**Q** 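Sharing a structure with you now.
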Amino acid sequence: MKRILLTAVALIVGCVFMTASAQDHSIRFQNGTLTVTPLQDNAVRIRYIEGETAELPELIYVENDEKVSCKKSSKGEVTTLKLKGLTLTADNGSGRIEVADSKGVKVFSALAHELEASTIQGEATREARLIIDSPADEYIYGLGQFQDGYLNVRGLTRRLTQVNTQISIPFMLSSKGYGLLWNNYGLTDFNPAESSVKMERAQAKGEEVTLNVTSTEGNRRETRRTHDFKATVDIPEDGTYAILLDVGQKMARRHDLSIDGKNVIHLINSWLPPTTSVIVDLKAGKHELTAELERGDSPTIYFRKTDDRTVFRSPVAECVDYTVFTGNADDIIASYRAVSGEVPMLPDWAFGYIHCRERFHSQEELVNTAKRFREEQIPLDLIVQDWQYWGKYGWNAMRFDEEHYPDPAQMVKDLHDMDMKLMISVWSKIDPSSEVGKAAQEKGLFIPETTWIDFFDKDASTFYWNNFRDRLLKPYGIDAWWQDATEPENDDLEGRRIMKGSQPGERYRNVYPLKVTETIYEGLKKDDSERRPMIFTRSGFSGAQRYGAVLWSGDVGNDWQTLRYQVAAGLGFVSTGLPWWTYDAGGFFRPYDQYRNQD
């Protein structure tokens, strides 16, 4: 499948704690303390804290020794910090924070910083909320890659989680001249809707389809049946409403919603995020909602009238923590990368044609395909061996099944002799019955009750890399690495403990892919330093650009609507400051009669 790379246009980053620095400015503010840290001439990190907080490891920002000139002044309840590229004003009386650009034009206004006590897995935490002024003529881009078709996300309700075909990055770029990075590692609700209605099952449609599907357990047959769901919603007043559909499962198979018989959401694919969003105009009064979804779904509709506010809300937080960047898109991206890591150079062949299919089944098939490309004089730089080359040895055993791949080293040499490179799929989950998996199990390196390696645990990430290096990199000289399902798939951090049981997974729910990519990149730089790393990954987070990560939109479908959605998804992704993104041209899931159907 052809993969096309797009380059970035904007930026934003995630949430975390920093050690206090000499540049921190503490200000008494509302019911707590406001700590403002100048990061660049046009960037300030803002943290609103109430009481004692736990210090989390810094995963997004890199060490920054740059001394930023900052003049602080106070008058009554108002404190002003003036930098070369921005001026910040904190008004303790109103609770507002405003940021003006280098010309003195106000570009950003935070209306409220809110913290509410909560618990997660029996541990104390806080729910953090930031409310931002959003004028009617503002356009907002970013938040990552979503399958709802929206590029301008002003007013839209989204739930930021990591899942196949959705990459959540809590950064937004505003047409008003600022970018904002929400510094939180966990689930985040963007413009959360407080009102909701539970949809009830009506009757089975009777439509039953049996499919061959792919999953993290391999290929299998699956029978699916659709059901009708219905609900009534009472809208209090005329207006424009943001609606979020949550199917109530870890993954969805269908996104569908009609209001008063008019369809407003419809997308079908073998893998979809559990939530999707739409903005509609509604009149006051009762409206009938219907949805054709999957048998096991338990859907809820969340809705809110849009207004001139943008809201970030995280249910697991220590404080309200965000960074504001000012300037045009180039200024913002440059500043974001200066504080979260610059982008390393990719190998030049990474920008050529990359050929991939669901998988090659043998060494012979892969090499013969490569030869055919050369015989037909079709340019090809990189060919991909996707999953299941491990065969009888177990899932991601980091070993080729010699029955189908008798000489992997020769396979790589044959490709290199054709001036072609090889990329191979390597997962973050390992079959516990494999040789590598047994060792990981004995050492307690899996996330509990899963077969995903706990990359937050240094012992686990070191173990993973050592096996990766000794079993795949060193013996064969493979050129590029396809880190699949790095979300991790099925949202498997929720409800589980990580870091040897010391932390609830929800606290780090969205940053697992960042740790996976870091492990591979740092390992390659150490043990394969003569070559530029090339890492594909299905998920990511703010800061991933410093590991040279190339991301793609996952296992998408093959229809024209899906293709259109990938354009918006890719632009939304690169608006977060991560430069490399691609998609499965033609879709990952293909019609079974694709080579015979004349349509």
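Bear in mind the structure is a predicted one, so any value in this text is a computation, not a measurement.
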**Q** Would you mind reporting whether Leu244 and Arg304 have side-chain heavy atoms less than 4.5 Å apart?
**A**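 Contact flag for Arg304/Leu244 side chains = no.
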
**Q** For Gln249 and Pro274, indicate whether the former's side chain and the latter's backbone hold a donor-acceptor pair under 3.5 Å.
**A**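 No, Gln249 side chain to Pro274 backbone: no donor-acceptor pair under 3.5 Å.
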
**Q** Evaluate the criterion salt bridge (Lys or Arg N to Asp or Glu O under 4.0 Å) for residue pair Glu489 and Arg538; output intermediate values, then yes/no.
**A** CA-CA 10 Å; Glu489 193 165 89; Arg538 202 173 73 182; 2.6 Å; yes

**Q** Can any side-chain N or O of Arg469 pair as donor or acceptor with the backbone N or O of Leu524 at less than 3.5 Å?
**A**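 No, Arg469 side chain to Leu524 backbone: no donor-acceptor pair under 3.5 Å.
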
**Q** Just wondering, more than 12 heavy atoms not from Lys371 lying within 6.0 Å of its NZ?
**A**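 Incorrect, the count does not exceed 12.
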
**Q** Taking the side chain as C-beta and beyond, is there a heavy-atom pair between Ser277 and Leu245 under 4.5 Å?
**A**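 Answer no - side chains too far apart.
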
**Q** Within the structure provided, determine whether Thr323 and Tyr61 are in side-chain contact (heavy-atom separation under 4.5 Å).
**A**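 In short, these two side chains touch, coming nearer than 4.5 Å.
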
**Q** Aromatic ring centroids of Phe468 and Trp465 under 6.0 Å?
**A**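 Close enough - the centres of the two rings lie under 6.0 Å apart.
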
**Q** Considering all heavy atoms of both residues, which atom of Ile378 and which atom of Arg374 are nearest to each other, and what is their separation?
**A**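 In terms of heavy atoms, the two residues are closest at O-NH1, 4.0 Å.
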
**Q** Using only heavy-atom distances, determine whether the side chains of Tyr405 and Gln385 contain a donor-acceptor pair under 3.5 Å.
**A**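 Gln385 and Tyr405 do have a side-chain donor-acceptor pair below 3.5 Å.
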
**Q** Using 30° and 60° as the class limits, which term best fits the ring planes of His355 and Phe360: parallel, tilted or perpendicular?
**A**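 It falls in the tilted class, 30° to 60°.
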
**Q** Step by step, would you call Arg509 with Thr161 a side chain to side chain donor-acceptor pair (under 3.5 Å)?
**A** CA-CA 8 Å; Arg509 191 168 172 178; Thr161 56; over 6 Å; no

**Q** Please say whether more than 12 non-hydrogen atoms of neighbouring residues, nucleotides or ligands are located less than 6.0 Å from CG in Asp419.
**A**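 It does not: Asp419 CG has 12 such atoms or fewer within range.
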
**Q** Measure from the side-chain N and O atoms of Asn510 to the backbone N and O of Ser168, and report whether any donor-acceptor pair falls under 3.5 Å.
**A**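 Not at all, since once roles are kept as given, no pair shorter than 3.5 Å links the two residues.
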
**Q** Taking the six-membered ring of Phe146 (Phe, Tyr or Trp), confirm whether the NZ or CZ of Arg158 is under 6.0 Å from its centre and within 45° of its axis.
**A**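 Verdict for Phe146: a cation-pi partner in Arg158.
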
**Q** So, does Gln162 use its side chain to make a donor-acceptor pair with the main chain of Gly540 at under 3.5 Å?
**A**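 Flag set: sc Gln162 to bb Gly540 pair under 3.5 Å.
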
**Q** Taking atom CD1 of Ile169 and atom CG of Leu143, what is their separation to the nearest 0.5 Å?
**A**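 Going from CD1 on Ile169 over to CG on Leu143, the span is 9.5 Å.
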
**Q** Rounded to the nearest 0.5 Å, how far does CD1 of Ile243 lie from CD1 of Ile265?
**A**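 Spacing of CD1 (Ile265) from CD1 (Ile243) equals 7.0 Å.
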
**Q** Working note: Tyr464 + Met398, criterion side chain to side chain contact (heavy atoms under 4.5 Å, CB included); need CA distance, chi angles, decisive distance, verdict.
**A** CA-CA 10 Å; Tyr464 183 91; Met398 299 188 187; 3.5 Å; yes

**Q** Between the side chains of Asn263 and Ser258, does any donor sit under 3.5 Å from an acceptor?
**A**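 Checked: Asn263/Ser258 side chains pair up, N/O donor to acceptor below 3.5 Å.
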
**Q** Between Trp387 and Trp482, does the ring centroid distance fall short of 6.0 Å?
**A**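 No, they do not, as the ring centres are separated by 6.0 Å or more.
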
**Q** Strictly below 4.0 Å, N to O, side chains only: are Glu294 and Arg225 in salt-bridge contact?
**A**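 Salt bridge flag = no for Arg225 with Glu294.
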
**Q** So Trp390 and Trp395, would you call those rings parallel, tilted or perpendicular, with 30° and 60° as cut-offs?
**A**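 Judged by the thresholds at 30° and 60°, the geometry between Trp390 and Trp395 is tilted.
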
**Q** Carefully, step by step, assess Ser340 and Gln545 under the rule side chain to side chain donor-acceptor pair (under 3.5 Å).
**A** CA-CA 8 Å; Ser340 64; Gln545 79 283 342; 3.0 Å; yes

**Q** Please state whether the rings of Trp581 and Phe573 are parallel, tilted or perpendicular, taking 30° and 60° as the class boundaries.
**A**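 Ring orientation of Trp581 relative to Phe573: tilted.
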
**Q** Tell me whether Thr450 contacts the main-chain N or O of Ile447 through its side chain, where contact means a donor paired with an acceptor under 3.5 Å.
**A**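 A pair under 3.5 Å: yes.
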
**Q** Roughly how far apart are Gln561 CD and Leu563 CG, rounded to 0.5 Å?
**A**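 The distance works out to 11.0 Å.
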
**Q** Do side-chain atoms of Asn368 reach the backbone of Glu364 as a donor and acceptor pair under 3.5 angstrom?
**A**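 Yes, because the side chain of Asn368 sits within donor-acceptor range (under 3.5 Å) of the backbone of Glu364.
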
**Q** Going by an N to O cut-off under 4.0 Å, is there a salt bridge joining Glu376 and Arg372?
**A**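 Looking at Arg372 together with Glu376, the answer is yes, because their closest N to O distance falls below 4.0 Å.
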
**Q** May I ask you to say whether Asp386 pairs ionically with Arg357, meaning some side-chain N is under 4.0 Å from a carboxylate O?
**A**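 No salt bridge links Asp386 with Arg357.
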
**Q** Can you confirm whether Pro344 sits close enough to Tyr521 that some side-chain heavy atom of one is under 4.5 Å from a side-chain heavy atom of the other?
**A**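 The answer is yes, as the side chains (C-beta and beyond) meet within the 4.5 Å cut-off.
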
**Q** Salt bridge or not between Arg546 and Glu518? Use side-chain N to carboxylate O under 4.0 Å.
**A**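 Result for this pair is no, no salt bridge flagged.
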
**Q** Would the distance check show the side chain of Asp256 and the main-chain N or O of Glu292 forming a donor-acceptor pair, the cut-off being under 3.5 Å?
**A**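 Answer holds: yes.
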
**Q** Could you check if a side-chain atom of Arg254 sits within less than 4.5 angstrom of a side-chain atom of Leu272, using non-hydrogen atoms only?
**A**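 In short, these two side chains do not touch, never coming nearer than 4.5 Å.
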
**Q** Say whether, by atom type as modelled, one donor and one acceptor occur between the side chain of Arg532 and the main chain of Leu346 under 3.5 angstrom.
**A**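 A pair under 3.5 Å: yes.
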
**Q** Keeping Asn328 on the side-chain end and Asp331 on the backbone end, is there a donor-acceptor pair under 3.5 Å?
**A**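 It does hold such a pair.
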
**Q** Would you say the side chain of Leu422 lies within less than 4.5 Å of the side chain of Ile383, judging by non-hydrogen atoms?
**A**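 SC-SC contact between Ile383 and Leu422 confirmed.
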
**Q** When rounded to the nearest 0.5 angstrom, what distance separates CG in Leu173 from CD1 in Ile332?
**A**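 Rounded to the nearest 0.5 Å, the CG-CD1 separation comes to 5.0 Å.
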
**Q** Whether Arg313 engages the ring of Phe190 as a cation-pi pair (distance to the six-membered ring centre under 6.0 angstrom, angle to the ring normal within 45°) should be assessed.
**A**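 The answer is no, since Arg313 fails at least one limit relative to Phe190.
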
**Q** Test Trp580 against every option in Phe351, Trp552, Tyr547 by the ring-ring contact (aromatic ring centres under 6.0 Å, His included) rule and name the one that passes.
**A**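 Checked Phe351, Trp552, Tyr547 against Trp580; only one passes ring-ring contact (aromatic ring centres under 6.0 Å, His included): Phe351.
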
**Q** May I ask you to test the Asp491-Glu494 pair for a side-chain heavy-atom distance under 4.5 Å?
**A**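 The answer is yes, as the side chains (C-beta and beyond) meet within the 4.5 Å cut-off.
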
**Q** Which word best sums up how the rings of Tyr336 and Phe325 line up, parallel for under 30°, tilted for 30 to 60°, or perpendicular for over 60°?
**A**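 Ring orientation, 0 to 90° scale: perpendicular.
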
**Q** Taking the side chain as every heavy atom from C-beta outward, state whether Arg154 and Ser134 have any atom pair closer than 4.5 Å.
**A**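 Result yes, sub-4.5 Å side-chain heavy-atom pair found.
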
**Q** Name the one of Asn269, Thr165, Asn164 that satisfies side-chain hydrogen bond (donor to acceptor under 3.5 Å, both in side chains) with Asp555?
**A**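 When Asn269, Thr165, Asn164 are each tested with Asp555, the side-chain hydrogen bond (donor to acceptor under 3.5 Å, both in side chains) holds only for Asn164.
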
**Q** Check the side chains of Ser314 and Thr188 for a donor-acceptor pair under 3.5 angstrom, ignoring hydrogens and angles.
**A**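 Indeed, the side chains of Thr188 and Ser314 share at least one donor-acceptor pair under 3.5 Å.
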
**Q** Answer yes or no: is there a donor N or O on one side and an acceptor on the other, between the side chain of Thr537 and the main chain of Ser539, under 3.5 Å?
**A**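 Flag set: sc Thr537 to bb Ser539 pair under 3.5 Å.
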
**Q** What class does the angle between the rings of Phe400 and Tyr389 fall in, given that below 30° is parallel, 30 to 60° is tilted and above 60° is perpendicular?
**A**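 Aromatic pair Phe400/Tyr389 classed tilted.
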
**Q** I'd like to know if Lys421 pairs up with Asp381 as an ion pair, taking the criterion as any Lys NZ or Arg NE/NH1/NH2 lying under 4.0 Å from an Asp or Glu carboxylate oxygen.
**A**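 Not counted as a salt bridge, because no side-chain N and carboxylate O are separated by less than 4.0 Å.
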
**Q** Please verify the inter-ring angle class for Tyr508 with Phe456; under 30° counts as parallel, over 60° as perpendicular, anything in between as tilted.
**A**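 Ring orientation, 0 to 90° scale: tilted.
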
